[in-house]
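Written out below as structure tokens is the structure these notes cover.
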Amino acid sequence: MVQTTPFLLVLSLALVAPGFSARKQCELSGRWVNDLGSNMTIGAVNGKGEFTGSYHTAVTATRNEIQLSPLQGSQHHTNKGQPTFGFTVNWSFSDSITVFTGQCFVDKDGKEVLKTMWLLRSRVDNINDDWKATRVGINVFTRLPSQK
């Protein structure tokens, strides 16, 4: 029994190791859509983990016409394949700004998902209205197919 234990250990490592090396890395760059139908494009993540992109929301609390808005963010450097990140959207059509924070996951089917939480800060006219200036929510983004 003692002699077979090392053999079984090596055999099990040989069978399991390919699954670990084949695990898909989650990449932020690309086109995404969230559960409300908003679209986001994230450009390349540079060596410092910084990125820029654009956001086209499907929902708004303003009567202004929705416009494409810029985003900038940062990804935590990690070799673990499912990075944490944060980004800010400076809304082009309103006096508000939203910060998102989240993590990029690869589910059991190999599908990439961004799980996020956000804070939206709207401008108010005076300090007495501060109580209604911040909203909080969550969004789940899935990758859109690449355009060819």
Side-chain angles (χ1 to χ4, degrees), residues 9-148:
L9 178 62
V10 171
L11 179 62
S12 63
L13 285 174
L15 293 173
V16 172
F20 285 118
S21 63
R23 179 179 284 175
K24 185 176 180 182
Q25 298 283 319
C26 197
E27 300 286 335
L28 288 180
S29 298
R31 296 173 51 239
W32 300 87
V33 63
N34 72 17
D35 46 317
L36 298 174
S38 298
N39 288 280
M40 171 175 66
T41 301
I42 296 178
V45 179
N46 71 19
K48 294 180 183 177
E50 302 162 336
F51 57 88
T52 60
S54 60
Y55 199 106
H56 191 264
T57 187
V59 295
T60 183
T62 179
R63 289 190 171 103
N64 299 340
E65 181 182 344
I66 294 173
Q67 298 174 16
L68 190 65
S69 298
L71 71 79
Q72 2 185 155
S74 183
Q75 170 185 306
H76 189 294
H77 273 316
T78 179
N79 293 341
K80 297 180 176 125
Q82 300 191 123
T84 56
F85 61 89
F87 62 88
T88 302
V89 178
N90 186 356
W91 301 109
S92 301
F93 58 92
S94 70
D95 291 336
S96 60
I97 196 160
T98 302
V99 293
F100 288 79
T101 186
Q103 186 168 355
C104 189
F105 290 102
V106 177
D107 70 13
K108 62 181 173 41
D109 298 322
K111 182 174 146 187
E112 294 167 298
V113 176
L114 305 181
K115 298 280 282 184
T116 66
M117 177 172 248
W118 52 263
L119 290 171
L120 179 143
R121 176 65 188 211
S122 298
R123 184 182 116 15
V124 291
D125 291 328
N126 65 63
I127 198 167
N128 294 329
D129 290 332
D130 185 60
W131 66 271
K132 64 180 179 181
T134 303
R135 298 175 188 197
V136 62
I138 58 171
N139 284 123
V140 177
F141 292 83
T142 54
R143 186 174 295 282
L144 284 168
S146 60
Q147 293 176 324
K148 293 188 180 185

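Every heavy atom of this structure was used, including side-chain atoms; hydrogens, water molecules and symmetry mates were not.
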Pairwise side-chain contact, Thr57 with Tyr55, heavy-atom cut-off 4.5 Å (strictly under):
yes
Show the nearest heavy-atom pair for residues Gln25 and Glu112, with the distance to one decimal.
O-OE2, 3.6 Å
State the OG1-CE distance between Thr101 and Met117, to the nearest 0.5 angstrom.
9.5 Å
Residue pair Leu120 / Val89, side-chain heavy-atom distance below 4.5 Å:
no
Indicate every side-chain donor-acceptor pair of residues 40-50 with a distance under 3.5 Å to a residue at least two apart or in another chain.
unit_1: Asn46; atom_1: OD1; unit_2: Lys48; atom_2: N; d: 2.8
unit_1: Asn46; atom_1: OD1; unit_2: Gly49; atom_2: N; d: 3.1
unit_1: Asn46; atom_1: OD1; unit_2: Glu50; atom_2: N; d: 2.9
unit_1: Asn46; atom_1: ND2; unit_2: Glu50; atom_2: OE1; d: 3.0

Would you give the length of the straight line joining atom OG1 of Thr98 to atom CZ of Arg121, rounded to the nearest 0.5 angstrom?
12.0 Å
Counting only N and O atoms by type, is there a donor-acceptor contact under 3.5 Å from the side chain of Arg143 to the main-chain atoms of Glu27?
yes
Is a side-chain N or O of Thr84 found less than 3.5 angstrom from the main chain of Gln103, in a donor-acceptor match?
no
Enclosure of Ile138 CD1 (heavy-atom neighbours >12, cutoff 6.0 Å):
no
Between the main-chain N or O of Val106 and the side-chain N or O of Gln82, is there a donor-acceptor pair closer than 3.5 Å?
yes
State which residues pass salt bridge (Lys or Arg N to Asp or Glu O under 4.0 Å) with Asp95; sequence neighbours excluded, sorted by chain then number.
Arg123
Does the plane of the ring in Phe141 sit parallel, tilted or perpendicular to the ring in Phe100? Use 30° and 60° as the thresholds.
perpendicular
Separation between CG (Leu71) and CD1 (Ile97), nearest 0.5 Å, reads 11.0 Å
For Ser92 against Ser69, the heavy-atom pair lying closest together
N-OG, 2.9 Å
Heavy-atom closest contact (Ser38 atom, Ala58 atom, distance):
OG-N, 2.9 Å
So, do Trp131 and Val124 sit near enough that their side-chain heavy atoms are less than 4.5 Å apart?
no
dist Leu68:CG -> Asn39:CG (nearest 0.5 Å) comes out at 9.5 Å
Would you say the side-chain atoms of Asn126 pair up with the backbone N or O of Asp129, donor to acceptor, closer than 3.5 Å?
yes
How many angstroms lie between atom CG of Asn139 and atom NZ of Lys115, to the nearest 0.5 angstrom?
10.5 Å
Any donor-acceptor pair under 3.5 Å linking the side chain of Asn64 with the backbone of Ser94?
no
Which residues share a salt bridge (Lys or Arg N to Asp or Glu O under 4.0 Å) with Asp109, sequence neighbours left out:
none
Report yes if some heavy atom in the side chain of Gln67 is under 4.5 Å from a heavy atom in the side chain of Trp91; otherwise report no.
no
Within this structure, what is the OG-CD distance for the pair Ser29 and Gln75, rounded to the nearest 0.5 Å?
8.0 Å
